[in-house]
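What follows is a short report on a single structure.
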Amino acid sequence: MTQPPKILYIEDDPASGKLVERMLNHAGYRVLLAERGLLGIDIARSEFPDLILTDINLPDMSGYEVATALRAEERFADVPIVALTALGPNAQDMAMAAGITGFLSKPVDIEQLVTQLQYYLQGGQDKIDSERLFSAQVKYTREVVSRLEGRIRALEEANDSLKKLDGMKETFIQVTAHELRTPLTLIYGYSRLLEDHPTVNKMSEYDQSVKLLIESLSESITRMQRVIEEILIISRIMTKQIDLALSPTNMSQLVARILESYSDPMQQRKLTVHFDPAQWPRQTQLDTELIRIAMSNLISNAIKYTPDGGHIYLRAQTTPEQVIFSVRDTGIGIDVADQKRIFEQFGSLGDVKLHSTSKTAFGGGGLGLGLPVCKGIIEAHGGKIWVESQGRDPETCPGSQFMVTLPLVVQRPRPVLSRITK
Ligand code: ADP
């Protein structure tokens with residue numbers, strides 16, 4: 001059985017679209033509707049209709065331009081493109097110049113529509129004499145170029161104001177984070193003072209929960225400080241203000257210390273770490289603090305996304321120029337489709353209600369800044385980071401392996417614009 005002819009109708013007025021669709025369906029055609037020129041082009045490319053009927057005044061581009069764009073492709077050379085236009089000699093000439101096969105007057109003559117379309121489907125073509133066509137082509141080309149110029153200017157203006165807005169947003173983020181950091185440091189200091197305060201110690205003898213309350217307070221403040229640090233780093237990375245404070249860095253010791261800081265939650269969650277300090281370089285020239293943040297994020301992710309009783313493997317190999325290391329876990333894994341996205345800022349933002357800033361609770365999600373921060377830090381050092389995983393499956397836990405390369409000595413710090421004073 002042969003398929004009914006497919007007609008694409010590009011029309012921004014839904015009522016006209018529906019009317020024509022109903023008419024043509026009734027006559028046995030399949031109709032595809034598009035409300036904008038660009039969408040029409042996309043549908044034409046994917047569906048390859050037998051005929052395209054287009055309005056001229058569309059919201060994004062004109063029906064003429066739709067025809068010209070499609071005619072530029074070999075496979076659309078013979079597809080009839082029919083314009084719906086208020087009849088007038090100039091409009092017809094322009095339609096022909098744009099590569100349109102024929103034109104129908106608007107509003108659509110419902111009685112005649114099917115017969116008219118059949119004419120074009122069977123190879124019919126409207127014609128104007130060659131002189132008129134030539135002068136219409138010249139006029140049409142001028143109009144298209146002038147519209148293009150207008151569009152480029154408008155885009156440039158929009159781009160400039162977006163850049164300005166983006167700069168303002170970055171400044172706002174940085175100023176806010178800085179302003180928050182100072183009082184937070186004070187609050188943290190006071191909470192630590194409270195923890196050791198003799199009166200509190202006395203009170204704790206009667207009521208154990210007092211100590212616990214103050215410890216929880218300090219812990220929450222530490223988490224807030226970490227979020228603010230991540231926001232500041234990501235903002236510096238985005239504005240290319242990351243400036244490395246290079247110093248001798250003993251990676252072996254650095255990783256051991258990070259692991260030590262996670263030893264309590266790892267014990268509680270019965271996670272086993274496989275780490276041989278001898279594999280890790282002791283003499284590197286890196287920004288110790290930034291590398292600590294990156295390593296810490298990778299390790300805390302491995303903890304967060306590995307169910308209780310799992311394993312975390314930290315391996316490193318050193319060549320004369322670089323260290324290649326991996327953080328592998330036996331956790332839930334990461335879908336192949338997500339493996340790029342998770343390194344993009346806020347790329348992992350899911351349900352806000354499920355967010356928790358816990359660095360160690362199983363499955364706890366954060367702001368989705370950890371990996372972009374890692375990427376920014378590693379790349380600022382001239383290194384690379386990527387992930388390997390067979391996919392995400394909380395049942396079978398295929399695991400994830402984060403791979404990192406880092407030069408042992410960063411030759412040349414990345415361009416320094418300014419370092420935010422702490
Ligand atoms: P978050 O704060 O959400 O953990 P990250 O940027 O550190 O943000 O990680 C982004 C996303 O990548 C996470 O939400 C998680 O889905 C995925 N992910 C990161 N590390 C792992 C891992 N080791 N195992 C499984 N998924 C991971």
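Remember, it's 1-based here, ligands and their atoms both numbered in the order they're listed. None of these values were measured; they are calculated from a predicted model.
- Distance alone, capped at 3.5 Å, is enough to place a donor-acceptor pair between the His381 side chain and the Asp287 backbone.
- The closest approach between a heavy atom of Asn297 and any atom of ligand 1 is not below 4.0 Å.
- Near Pro372, the atoms of ligand 1 lying under 4.0 angstrom from a non-hydrogen atom of the residue are 6 (O).
- No part of Val387 comes within 4.0 Å of ligand 1, judged by heavy-atom distances.
- Ring geometry, Phe343 versus Phe402: the interplanar angle exceeds 60°, so the pair is classed perpendicular (tilted spans 30 to 60°).
- Using a 4.0 Å cut-off between charged nitrogen and carboxylate oxygen, Asp50 and Lys6 do not count as a salt-bridge pair.
- Under the 4.0 angstrom criterion for non-hydrogen atoms, Phe402 is in contact with ligand 1.
- No heavy atom of Ser300 sits closer than 4.0 Å to any atom of ligand 1.
- Under a 4.0 Å heavy-atom criterion, Gly331 is not in contact with ligand 1.
- Using cut-offs of 30° and 60° for the angle between ring planes, the Tyr64 and Tyr140 rings count as perpendicular.
- The closest approach between Arg392 and ligand 1 stays at or above 4.0 Å for every heavy atom of the residue.
- With respect to the salt-bridge test (charged N to carboxylate O, under 4.0 angstrom), the residues Arg181 and Glu229 qualify.
- Nearest residue to atom 20 (N) of ligand 1 from Asp335, Val227, Asn301 is Asn301 (criterion: closest heavy atom).
- Of all the atoms in ligand 1, the ones that sit under 4.0 Å from a non-hydrogen atom of Ile334 are 18 (N), 21 (C), 25 (C), 26 (N), 27 (C).
- Proximity of a side-chain donor or acceptor of Arg30 to a complementary backbone N or O of Leu24 within less than 3.5 Å is not detected.
- In the displayed structure, Met203 atom CE is contacted under 6.0 Å by at most 12 heavy atoms of other residues, nucleotides or ligands.
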